Amino acid sequence: MKKFLRSVFLYLLPFAIPLAVFVWGCVVGLSTGEFGSLDRAIQEQRENPAIRIGRGYSEPKFYLKSVNADYYQPEVMALGTSRAMQFKHDYFTRSFYNCGGVVSSNYSEYENFLKSLSYHPQVILLDLDAWVFNDAWNSQREDYSYDEVVPIEKPDVNYAYIVCEMVRDYRGGKWNFDSIHSHPDGIGMSARVKGDGYAQDGSYYSESVCRARDADPAEVSFADSLERIGEGESRFEYGDHVDPDTLAQLDHLLDYCRTNDIYVIGYAAPFAPCVYKTMGQSGNYGYLQEITPCCEPVFAKYGFEYYDYLSGDFDGITDGYYLDGFHGSEIVYGMMVEDMLERGSRLSEYADRDRLQQMLAEKHNSLLFEPLAEN
């Protein structure tokens, strides 16, 4: 009998170990909020503004922003990729929600998102990423149909894959059982371990970057972006001229907004100054110089506003104000709003310039308005 039980044990052992690891990963995922109901996480954040949602292995930004935009129905909306995520509700005196990250393609996708909502915002801060105007990047993306709205659905979660990634990162020292308690108000591994995640207003906190910069203010490296420029890849593809298809889609989006009484304020999103300078010196990005001359008449055609912040060094801003090569800090985006207000933007109906100027004057550093909480 003992021999039989031993044989059974040895036979089952190869199956038991993966099962145990999977169960272990599921327990960690559930306890940190990496797994579990996304709708419940959203509801918890609505009830507690201190919560950040940062799922490190299954980022739910499309669904999260879509559901919350319909729930809050803000008068002012930031709309775009991750380069819109740094606008904060603190800049505004009227209701605001940040929908940065709900799109990743061309402007037909932006329009699709607006059509999927049950209401229309009064004002949109529209993120205009440089690479969207480059055919070498844009041609790799699928356009959305104007005749059929594609709904944003709750993402599927591949638990087995996530557990494998969690185990790999655990073995690589990216997290441990102490670090998952570093930020108890966080939902998800990124929020729990690093404090990174989406705030209640939809903006994104990159606490890990800010904390590292706090520890060493001189540590400003954009090696990743500079490497992409050297290779001409990953949003830094080379291009000589603006893609006319992008301009056509942008025109269609602005026409939709005017028809539905949505006022649009477009901005060419900034690069870190050294990154923009390197792109210019390479001679491979001729299309950058065409973006503003092409966009200004399109926005003027509909009576909308357009601002060019591409170079990233407006108002004396330096590389130290950037999280990475193409993501400005909340200070950068606060300064952009202040600049718009100074130049007579309609945002003056939705924001208090004096309060924003005071916030900027009293900022903690080049990345944050307020100091980070003690761990």
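Values in this document were obtained by computation on a predicted structure and should not be read as measured data.
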Is any side-chain heavy atom of Val123 less than 4.5 Å from a side-chain heavy atom of Ile262?
no
Within residues 190-210 or reaching into it, pairs that qualify as ring-ring contact (aromatic ring centres under 6.0 Å, His included) - sequence neighbours excluded
Tyr198-Tyr204
Which residue pairs pass the ring-ring contact (aromatic ring centres under 6.0 Å, His included) test with at least one member in residues 29-69, sequence neighbours excluded?
Phe35-Tyr159
Applying side-chain hydrogen bond (donor to acceptor under 3.5 Å, both in side chains) as the test, list every pair that has at least one member in residues 273-284; sequence neighbours left out.
Tyr276-Gln289
Considering only residues two or more places apart or on different chains, which pairs with a residue in residues 359-370 satisfy side-chain hydrogen bond (donor to acceptor under 3.5 Å, both in side chains)?
Asp214-Asn365, Gln358-Glu362
Residues in salt bridge (Lys or Arg N to Asp or Glu O under 4.0 Å) with [X], at least two apart?
X      : answer
Arg353 : Glu338, Glu342
Glu109 : none
Glu59  : Lys61
Asp224 : Arg228

Aromatic ring proximity, centroids under 6.0 angstrom, [Y] and [X]:
X      : Y      : answer
Tyr287 : Trp137 : no
Phe177 : Tyr170 : yes
Tyr97  : Tyr71  : no
Phe87  : Tyr333 : yes
Tyr306 : Tyr267 : no
Tyr107 : Tyr110 : yes

Which atom pairs, one a donor and one an acceptor, fall under 3.5 Å between side chains of residues 150-158 and the rest of the protein, sequence neighbours left out?
{"from": "Lys154", "atom 1": "NZ", "to": "Asp39", "atom 2": "OD2", "distance (Å)": "2.6"}
{"from": "Asn158", "atom 1": "OD1", "to": "Ala160", "atom 2": "N", "distance (Å)": "3.4"}
{"from": "Asn158", "atom 1": "OD1", "to": "Tyr161", "atom 2": "N", "distance (Å)": "3.1"}

Name all pairs fulfilling the salt bridge (Lys or Arg N to Asp or Glu O under 4.0 Å) condition that reach into [range], sequence neighbours left out, sorted by first residue then second.
range            : result
residues 259-274 : none
residues 82-96   : Glu75-Arg94, Arg83-Asp129, Lys88-Glu330
residues 293-304 : Asp251-Lys301

Enter the distance from Cys257:SG to Tyr263:OH here, rounded to the nearest 0.5 Å.
12.0 Å
Does a donor on one side chain sit under 3.5 Å from an acceptor on the other, for Thr246 and Asn138?
yes
Do Glu111 and Lys115 meet the salt-bridge criterion of a basic N to acidic O distance under 4.0 Å?
yes
